[in-house]
Amino acid sequence: MRLQLVIVFGFWSFALQAAPPRAVTHTTQKGVVVCVSPPAADVGARILKAGGNAVDAAIAVGFAQAVTWPEAGNIGGGGFMVIRPADGQKPVVVEYREKAPAAATENLWVRGVQPLSHKAAGVPGTVRGMALAHAKFGKLPWKDLLAPAIQLAEGMTINDALARSLNQVLANSRTKNAEFHRVFDKPGGGTWAKGDRLTQPDLARTLKRIAEQGADAFYTGELAQKLAQEMKSHGGLITVEDLAAYTAQLREPVRGHYRGCDIITVSPPSGGGIVLVETLNILEQFPLAEQPRYAPRTVHLITEAMRRAYADRARYLGDPDFTKIPAFLTSKEHAQKLAATIDPNRATPSAKVAPDIPLVESGGETTHYSVIDSSGMCVSNTYTLENSFGNRVVVPGAGYILNNEMTDFNPIPGRTDRTGRIGTPPNLIAPGKRMLSSQTPTILVRDGKPVLITGSPGGRTIPNTVICIVINVVDYGMPVGEAVSAPRQHHQWFPDRLDHEDFAGFPQLAEALQKMGHIVAKRGQGDGHSIGIDPKTGLRTAAADRRRDGQVATEK
Ligand code: DON
């Protein structure tokens, strides 16, 4: 086998020992959906065919993946949906990020983060988010959007990727929750294989209630009590009051402009959009495309821009309802100042980039999908349980898995260290606060026409995966399939390390970067299911990133 993937379970990175696999692409004039889970992609295409718009399809895919891709698809987590209506007017972000329960305190993690605990769950946002998207933009009845997910929960044939994912989590000794095993263990014992039938009757009932009674069925009444009871008996924090108080928000997207393209991207409480725009603004100061994409200087400049934007992320970003986010972060002037600090031949040590943040010396899982309908309405949606299968707790009798998003808060007040732990104030835990995210669902527009819908999982690597895809398309003119397949890079300020995928065909590159002062490490990055649109012909090419699974499905 040409490709050897070693997935480090439960984390967002995986070792990739060969060149990234080629994306699978499909070109069409019609609506198209691309996501990690083939049966969910088919659901989205069916909704488009039935006359649904891109938002309808995105909602149906969101619920379907809660069934078909339980490591990240969810109703017990949260995320962000960027929507651009077909007329281009008033794009919005439907923000459905989880919130800290009222009982959460700043010092929750000072004795150590417990990612698989009940305490790690934030108040889920997905169901309210999908309902808000539907109320604003939906065309088909709500019930119709949940019907395919209900059917899949009643019984589905599993594919190889789902079998592998379930076998991995079930074999892991840290997966201890009895309800999780009751729901996902293979009946009769043994391991799952392609072609086996998975039934999730509790989840089907939960989805039916949401279909019949709307989002309130999840946030109030019996389902809310079930979750609160589970929390109470296991040291968790979420109460019925937390659930009843949860709201999703419509937020203004972060906007940017990069070499002729308008960028419409996620806003806080995700830092992804600001990091994306700030990094691209810095790079715009350099004639990047004068050198090849994988020339040492190109990779160096991209790394240096990323490093500086991530330092600002640590310093300034958090939930905008709690922290004032400075507007200058996405300004061209700020980018010019930062660009002027870049040495074109030498890595700047991260400790020098933000010396005002005191450093202490010491030693997941998400999924993204993209949709466009025949009218040109675009949806870019990333949602998550944080780690793979979240905190690996299933709410008894309700059949859904809980997130462990509370681990996205800065864990220890005041402690910022070289390992990448951040202790700055904007993202410390507070009751009702949303934890800072890196999710970066993004839409690019040129001359008023959409040209790219993209995003990725990958924790703090997410903005950088999107940056790589955008640069590949805008600076290097790559077709979307190539842009998605091309090796990626990541630098997040601390740890002061340039992570990169296998620079296949450029054997000297890593060595050249080391000579410039970079510490380099090889690892896989992201899963960026994207759609490129040719503004002249209107043809849409969807690219299923094959770093995980992934499928394109068209309206036909
Ligand atoms: O919101 C965030 O940034 C993280 N919770 C995302 C986690 C993630 O992407 C893990 N997956 N691959």
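Note that ligands are numbered from 1 as they come in the structure, with each ligand's atoms numbered from 1 the same way.
- A donor-acceptor distance shorter than 3.5 angstrom exists from the side chain of Thr416 to the backbone of Gly423, with no hydrogens or angles considered.
- Residue contacts with ligand 1: Thr366 is placed with a nitrogen or oxygen under 3.5 Å of a nitrogen or oxygen of the ligand (distance criterion only).
- Not one N or O of Thr384 is nearer than 3.5 Å to an N or O of ligand 1, by distance alone.
- Within ligand 1, counting atoms from 1 as listed, the ones closer than 4.0 Å to a heavy atom of Gln439 are 1 (O), 2 (C), 3 (O).
- A donor-acceptor pair is defined here as one N or O able to donate and one able to accept, closer than 3.5 Å; no such pair exists between the side chain of Asn403 and the backbone of Gly78.
- At a heavy-atom distance under 4.0 Å, no atom of His368 approaches ligand 1.
- In this structure, Arg97 has a heavy atom closer than 4.0 Å to ligand 1.
- Looking at Gly458 next to ligand 1, an N or O pair under 3.5 Å apart turns up.
- In this structure, the side chain of Thr206 engages the main chain of Ala398 through a donor-acceptor pair within 3.5 Å.
- Neither the backbone nor the side chain of Asn387 has any atom closer than 4.0 Å to an atom of ligand 1 (non-hydrogen atoms only).
- Ring pair Phe328/Tyr316: centre-to-centre distance below 6.0 Å.
- Between atom CG of residue Asn74 and atom OG1 of residue Thr366 there is a gap of 9.0 Å, rounded to the nearest 0.5 Å.
- With respect to Asp499 and Arg523, a salt bridge is recorded, a charged nitrogen being found less than 4.0 Å from a carboxylate O.
- Proximity of Met435 to ligand 1, defined as any heavy-atom pair under 4.0 Å, is not found for any part of the residue.
- Below 4.0 Å from some heavy atom of Glu405 lie the following atoms of ligand 1, by number and element: 1 (O), 4 (C), 5 (N).
- At least one N or O atom of Gly459 sits closer than 3.5 Å to an N or O atom of ligand 1.
- Shown in contact with Ile462 at under 4.0 Å from a heavy atom are these atoms of ligand 1, numbered in order with element: 9 (O).
- A cation-pi contact, defined as under 6.0 Å to the ring centre and within 45° of the axis, links Arg128 to Tyr219.
- By the 30° and 60° cut-offs, the orientation of the rings of Phe180 relative to Phe184 is tilted.
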